[in-house]
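This report refers to the structure that appears directly beneath it.
All heavy atoms count here, side chains included; hydrogens, waters and symmetry mates do not.
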Amino acid sequence: MYSSIEENYLKALYLLADEKEEVSSLALSQALDIKMPTVNSMMKKFADKELIYYKNYKPFKLTKKGKKEAALILRKHRLTEMFLVEKMGFGWEDVHEIAEQIEHIHSEKFFNKMDEILGNPKFDPHGSPIPDLDGNMQWVNFKKLSESKEGQVVVLSAIINGSKEFLEYLNSKKLSLNLELEIESVDNFDGNMKIRILKTGETVTLSRMVTDKLLIK
């Protein structure tokens, strides 16, 4: 059992890991808004608990044990987000902060029951995979909407940026997951994309900055 502060560190290490599965002390410090000496002190404690590989002046890397523990924290967060949307009627833009608090509950039975009620979902309301009880996730090779061509029909399946502001923007455009979208045109100069929502027939124009953050299949 870990403290809420330790859980925040573990989750951040998991989400910040690069292709080499490494995280720098600076990146972790910035992500958590915590001074680097404090970060390094915690990482030494994590090394003692065999949660990370630690060497002075080297990036941190989660051990197999550390990865599983971090994934299980992420599981609690994403299950909570899904429950808030599916069973309590919250908008997908309002669930992150609540889930940040609930994820620190240490009752495994509580989250297993939540999982059961939801029907064992594989993805959260933003399209991110939900880890199972062993910390494994079902990954999908999504593409960015910005990579689509004129005339294609695609399904909006996940988002990269889950900030409240971005989700509210998508709400204003009446965009949500699992909608079929037809690419009507793509501007050769700035990448602006005009898409039609097949369910409603409405047409919206999105900037390249937005389409880079929308994932499709």
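- Of the charged side-chain nitrogens involved, at least one lies within less than 4.0 Å of a carboxylate oxygen, so that Glu100 and Lys11 count as a salt-bridged pair.
- For Leu198, the CG atom is densely surrounded, since the number of other residues' heavy atoms within 6.0 Å is greater than 12.
- Leu62 has its side chain out of reach of Phe46: every pair of non-hydrogen atoms, C-beta onward, lies at least 4.5 Å apart.
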Under the criterion side-chain contact (heavy atoms from CB on, under 4.5 Å), I'd like the reasoning laid out for Ile98 against Phe83: C-alpha separation, chi angles, the key distance, then a yes or no.
CA-CA 11 Å; Ile98 303 172; Phe83 192 87; over 6 Å; no
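- Taking the charged nitrogens against the carboxylate oxygens, Lys44 and Asp48 have no contact shorter than 4.0 Å, which rules out a salt bridge.
- A salt bridge between Glu202 and Lys173 is absent, with no side-chain N of the basic residue lying under 4.0 Å from a carboxylate O of the acidic one.
- Between Ile34 and Met42 the shortest side-chain heavy-atom distance does not fall below 4.5 Å.
- You'll find the side chain of Ile183 reaches within 4.5 Å of the side chain of Leu145, heavy atoms only.
- Taking a cutoff of 4.0 Å between a charged side-chain nitrogen and a carboxylate oxygen, Lys61 and Glu22 do not qualify as a salt bridge.
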Verify side-chain contact (heavy atoms from CB on, under 4.5 Å) between Ser25 and Met43, making sure each step is shown before the conclusion.
CA-CA 9 Å; Ser25 57; Met43 291 303 97; over 6 Å; no
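- Taking the six-membered ring for Trp and the full ring otherwise, His96 and His126 have centroids separated by 6.0 Å or more.
- By the criterion of side-chain heavy atoms lying less than 4.5 angstrom apart, applied directly or through intervening Ile, Leu, Val, Met, Phe, Trp or Tyr residues, Leu15 is grouped together with Phe60 in one hydrophobic cluster.
- You'll find the side chain of Leu156 stays beyond 4.5 Å of the side chain of Asn178, heavy atoms only.
- Around atom CG of Asp33, no more than 12 heavy atoms belonging to other residues, nucleotides or ligands sit under 6.0 Å away.
- Ion pair Lys45/Glu6 not flagged as a salt bridge, since none of the NZ, NE, NH1 or NH2 atoms sits closer than 4.0 Å to an Asp/Glu carboxylate oxygen.
- Surrounding NZ of Lys122 are at most 12 heavy atoms belonging to other residues, nucleotides or ligands under 6.0 Å away.
- Cluster annotation: Phe110 is not connected to Leu74 through the hydrophobic network of ILVMFWY side chains, with a link wherever side-chain heavy atoms come within less than 4.5 Å.
- If you chain together hydrophobic residues whose side chains sit under 4.5 Å apart, Tyr9 and Tyr53 never meet in one group.
- In this structure, Phe123 shares a hydrophobic cluster with Val140, Phe142, Ile160, Leu215, the cluster being traced through Ile, Leu, Val, Met, Phe, Trp and Tyr side chains under 4.5 angstrom apart.
- In this structure, Leu118 and Glu86 approach most closely via the heavy-atom pair CD2-CB, 3.9 Å.
- For the atom pair Ile102 CD1 and Glu97 CD, the distance stands at 12.0 Å (nearest 0.5 Å).
- Counting only heavy atoms from C-beta outward, the side chains of Met193 and Thr205 never approach each other to under 4.5 Å.
- Side-chain atoms of Ser24 never come within 3.5 Å of backbone atoms of Pro59 as a donor-acceptor pair (strictly under, hydrogens ignored).
- Within a 6.0 Å sphere centred on NZ of Lys65, heavy atoms belonging to other residues, nucleotides or ligands number more than 12.
- Proximity of Val155 to Leu177: side-chain heavy atoms (C-beta onward) are nowhere separated by under 4.5 Å.
- Put simply, the side chain of Ile117 reaches to within 4.5 Å of the side chain of Lys87, judged on heavy atoms.
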side-chain contact (heavy atoms from CB on, under 4.5 Å) between Val154 and Glu180, intermediate numbers included:
CA-CA 6 Å; Val154 300; Glu180 282 191 316; over 6 Å; no
Please evaluate residues Glu7 and His77 with respect to the criterion side-chain contact (heavy atoms from CB on, under 4.5 Å), reporting the C-alpha separation (whole Å), side-chain torsions for both, the decisive distance (0.1 Å), and the verdict.
CA-CA 11 Å; Glu7 289 187 336; His77 183 99; over 6 Å; no
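- For Glu50, the CD atom is loosely surrounded, since the number of other residues' heavy atoms within 6.0 Å does not exceed 12.
- Side chain of Asn40 to backbone of Met36: a donor-acceptor contact under 3.5 angstrom is found.
- Side chain of Asp187 to backbone of Phe189: a donor-acceptor contact under 3.5 angstrom is found.
- In this structure, CG in Leu214 is found 8.5 Å from CG in Leu181, a value given to the nearest 0.5 Å.
- The heavy-atom pair separating Val39 from Ser29 by the smallest distance is CG2-CA, 3.9 Å.
- Nearest heavy-atom pair, Gly135 versus Tyr14, reported as atom, atom and distance to 0.1 Å: O-OH, 4.5 Å.
- Side-chain N or O atoms of Arg208 include none that pairs as donor or acceptor with a backbone N or O of Ser146 at under 3.5 Å.
- The nearest pair of heavy atoms linking Trp92 to Leu167 is O-CD1, 3.3 Å.
- Heavy-atom neighbours of Glu108 CD from other residues, nucleotides or ligands within 6.0 Å: at or below the threshold of 12.
- Look at Arg75 and Asp132 and you find no salt bridge, because none of the NZ, NE, NH1 or NH2 atoms lies under 4.0 Å from a carboxylate O.
- One side chain, Asn192 or Asp190, offers a donor N or O that lies under 3.5 Å from an acceptor on the other.
- The two residues Leu13 and Val23 have their closest heavy-atom pair at O-CG2, 3.4 Å.
- Glu103 CD to Leu72 CG: the interatomic distance, rounded to the nearest 0.5 Å, is 12.0 Å.
- Atom OH of residue Tyr57 and atom NZ of residue Lys55 lie 15.0 Å apart, to the nearest 0.5 angstrom.
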Stepwise salt bridge (Lys or Arg N to Asp or Glu O under 4.0 Å) check, Lys113 with Glu116
CA-CA 5 Å; Lys113 176 57 71 172; Glu116 179 186 329; 3.5 Å; yes
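- Minimum heavy-atom separation, Pro129 to Arg78: O-NH1, 2.6 Å.
- Rounding to the nearest 0.5 Å places CD of Glu69 at 7.5 Å from CG of Leu10.
- The closest side-chain heavy-atom distance from Leu84 to Asp94 is not below 4.5 Å.
- Here the side chain of Ser41 pairs no donor or acceptor atom with the backbone of Thr38 at under 3.5 angstrom.
- Residue Asp212 holds its CG atom at 4.5 Å from NZ of Lys144, rounded to the nearest 0.5 Å.
- Under a hydrophobic-cluster definition in which Ile, Leu, Val, Met, Phe, Trp and Tyr are linked whenever side-chain heavy atoms come within less than 4.5 Å, directly or via other members, Trp139 and Leu79 are assigned to different clusters.
- Each of Lys194, Lys199, Lys149, Arg196 was scored for a salt bridge (charged side-chain N to carboxylate O under 4.0 Å, His left out) with Glu182, with one residue passing: Arg196.
- Using a 3.5 Å distance cut-off with no hydrogens or angles, the side chains of His104 and Asn8 do pair a donor with an acceptor.
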